[in-house]
There are 2 protein chains.
Amino acid sequence: MWDNALNYFYEAAKLGSMRLASEKIGVAVSSISRQISQLEATLGTALIEPGRRSIRLTAAGQHVLDYHRKQLSDRESLMTRLQELREVKTGRVVMAIGEGFIGDAFARTIEYFQVRNPGIEIALEISSSTEIVRKVLEDEVHIGMILNLTDEPKIRTRLSVEQPLAVLCAPDHPAARLEAVTIEDLMGFALCLPPKGFRIRASLAAAERRARLTLEPMLVTTSIQLMRDIARAGRAVCVLPRISALSELTEGTLVARPLHDPELDDATVSLIYRLGRQLEGAPARLLSLLENNLKSWSHVPEVAR
Amino acid sequence: MWDNALNYFYEAAKLGSMRLASEKIGVAVSSISRQISQLEATLGTALIEPGRRSIRLTAAGQHVLDYHRKQLSDRESLMTRLQELREVKTGRVVMAIGEGFIGDAFARTIEYFQVRNPGIEIALEISSSTEIVRKVLEDEVHIGMILNLTDEPKIRTRLSVEQPLAVLCAPDHPAARLEAVTIEDLMGFALCLPPKGFRIRASLAAAERRARLTLEPMLVTTSIQLMRDIARAGRAVCVLPRISALSELTEGTLVARPLHDPELDDATVSLIYRLGRQLEGAPARLLSLLENNLKSWSHVPEVAR
DNA sequence: CACTTTTGTTGCGCTTACCGCAAAAAGAGT
DNA sequence: ACTCTTTTTGCGGTAAGCGCAACAAAAGTG
């Protein structure tokens, strides 16, 4: 009710007469007259000076006019914002990933996305797997990327790629001469592993039980960056999915050797979002880009040349 | 047509369900559902995620919600402007404050305002800091006054005054003989403190860690009134910003001694309102009065005579 | 001053947008 | 699989808004 009345009043005031306003809007003069007097009634103030041929605004009328002008411009800016949202010119994606994904390959993907979608803001949160799942569930983030599968019913897995665990070491390390590494081989090397409680340690634990031995890492750290650096230094080896050191592998500063053990279950990269949440615009685009790239990441050659 | 639809959408989004909105507004759920989908049709964008029990906004929906909030506050300010134009000096201010501010000094400020602005209705809501921030954000109140800083981006801080924490006790209490009080001194006194989770306790916790001791309050309460009363009774001391006991300090029934510790960060009184909301009329006047008085409150002498 | 022209206001049927009720559909939990 | 809750859809009714036309009043005209 407000909307119409204000519009009629606005046009009438701008054009100086109800007649002209009626022509411009395409409604009968009577409607204009009625709507305006109705508006005056609800506002409790006269907006136009009564008993005049041409329309003259009262002080109150001027205020209402200003108000409506502002309202129109606000509405217009809302519409353009929505339009931009539709065209994915603007937007915001929040995603949570595990630390293991940080690296050159991932950075290049983000870079690529931002070049092709300027104006889209990306927020990256680094968290543990359980935190990521929680954030996805509670809509704190649009997309999550974790290093295992989750059985949460309300999580939708868009893509999951197997990422076998590998032993990473410097090219001149003794382990690099092996074709494949077993759990027993690891006993002979200085090890750098994540702490207990991490997924990788849990996987290794099963293999340790089978082989009836206990790995004693020389260094325990939560920082995957540090693990890569230690391995690159040459003395120690670390155990990670290949994806966690993609850039070092392609550079050749690290080499990967498959870690084979019957009890060892593979790590899995999962791209997840909340079930029932329809991602549109920016999040949807980033999701499909990641989906494609993840597939190609899994085809990295095992032995760097 | 816009007007109704936006209102329904707004309430539904705020309450989280169409059913609740229908109860609050007093129209059938079907109307709400229809109006919202109609709004979506005219805007050409989905506003809420379809097929869900609780209403979840899409990015576009959030924009529309923000837009409507602004519309509402603009309309309100138009109405007050018209009201003032009618030269009837009536109006209404709603503000939310923390319990710590209740006291004679604040009461006198309100009293002063009401004497100078007869006919203006003031509504005071007492809430916790987070509640106050929420109320300011959602336009439930015009002005908020909290005992810390907030990093909410949509909050505008009009004034913030540092309020060092002080130890409050009766004039004949042993603590009153000290020039300044340290965390270690507190161990010797009966303490009355707010519960853990309160800002004051968080500040104290840092100091406790530094001094490697743990304060064991004799009484824990959320009521600042009670804390003052306990301290006035003579046996115990409490830790509060001076502003929380201004009237007792000027009366001389309580004295304040500065609490000095390198780890202790000061409390801060912030006068806040929503970014982008232009306050006019009564709210604007009250805001500037409070701004001036707050400055003078912070200059209260440390030792009551 | 009478007449005309132009413009705003009022009266009266008519359309349609909006509403409530009830039934169906779809989630969410058990 | 079943139940409970919430949303969507179908249908008939009401009232707000519309156009048309008659009416009233200001401004121009001779």
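Per chain, numbering begins at 1; letters A, B, ... match sequence-line order. Since this is a predicted model, take the numbers as computed values, not measurements.
Atom pair A/Leu275:CG and C/dA26:P shows a separation of 16 Å (rounding to whole Å applied). The distance from atom CZ of B/Phe9 to atom P of D/dT7 is 14 Å, rounded to the nearest whole Å. One can place CG of B/Leu6 at 12 Å from P of C/dC18, the figure rounded to the nearest angstrom. Straight-line distance from the CD1 atom of B/Ile32 to the P atom of D/dT7: 9 Å, rounded to whole Å. Here the C1' atom of nucleotide C/dG8 and the CD1 atom of A/Ile36 are 10 Å apart, to the nearest Å. At whole-Å resolution of the value, CD in B/Glu49 and P in D/dT8 are 13 Å apart. For the pair B/Arg34 CZ and C/dA23 P, the interatomic distance rounds to 16 Å; values are reported in whole Å. Note: CZ (B/Arg56) to P (C/dG27) measures 15 Å, nearest angstrom.
A donor-acceptor contact under 3.5 Å links the side chain of B/Ser30 to the base of C/dC21.
The environment of A/Lys70 atom NZ is dense: over 12 non-hydrogen atoms of other residues, nucleotides or ligands sit within 6.0 angstrom.
For C/dC19, one of the phosphate oxygens OP1 or OP2 lies less than 4.0 angstrom from a side-chain nitrogen or oxygen of B/Tyr8. For A/Ser31 and D/dG19, the shortest distance from a side-chain N or O to OP1 or OP2 is below 4.0 Å. Contact annotation: B/Ser33 side-chain N/O to D/dT8 OP1/OP2 distance is under 4.0 Å. The side chain of B/Asn4 contributes no N or O atom lying less than 4.0 Å from OP1 or OP2 of C/dA17. Distances shorter than 4.0 Å separate none of the side-chain N or O atoms of B/Gln38 from OP1 or OP2 on C/dA17. OP1 or OP2 of D/dT6 lies within a sub-4.0 Å distance of a side-chain N or O belonging to B/Arg19. Between A/Gln35 and D/dA16 there is no side-chain N or O to OP1 or OP2 distance below 4.0 Å.
Comparing B/Ile48 and A/Val27, the nucleotide of DNA chain D nearest to each residue sits closer to the 5' end for B/Ile48.
In this structure, a donor-acceptor pair under 3.5 Å is absent between the side chains of A/Thr90 and A/Arg81. Side-chain atoms of B/His142 and B/Glu76 form a donor-acceptor pair, as typed in the model, at a separation below 3.5 Å.
Within 4.0 Å (heavy atoms only), B/Gly16 reaches no atom of the nucleic acid at all.
Listed nucleotides D/dT8, C/dT9, D/dG19 differ in distance to B/Met18; the shortest reach to its side chain belongs to D/dT8. Counting only heavy atoms from C-beta on, B/Val29 has its side chain closest to D/dT8 among C/dG8, D/dG19, D/dT8.
A salt bridge does not link A/Glu111 with A/Arg108: every distance from a Lys NZ or Arg NE/NH1/NH2 to an Asp or Glu carboxylate oxygen is 4.0 Å or more. In this structure, B/Glu49 pairs ionically with A/Arg274, as a charged nitrogen and a carboxylate oxygen lie closer than 4.0 Å.
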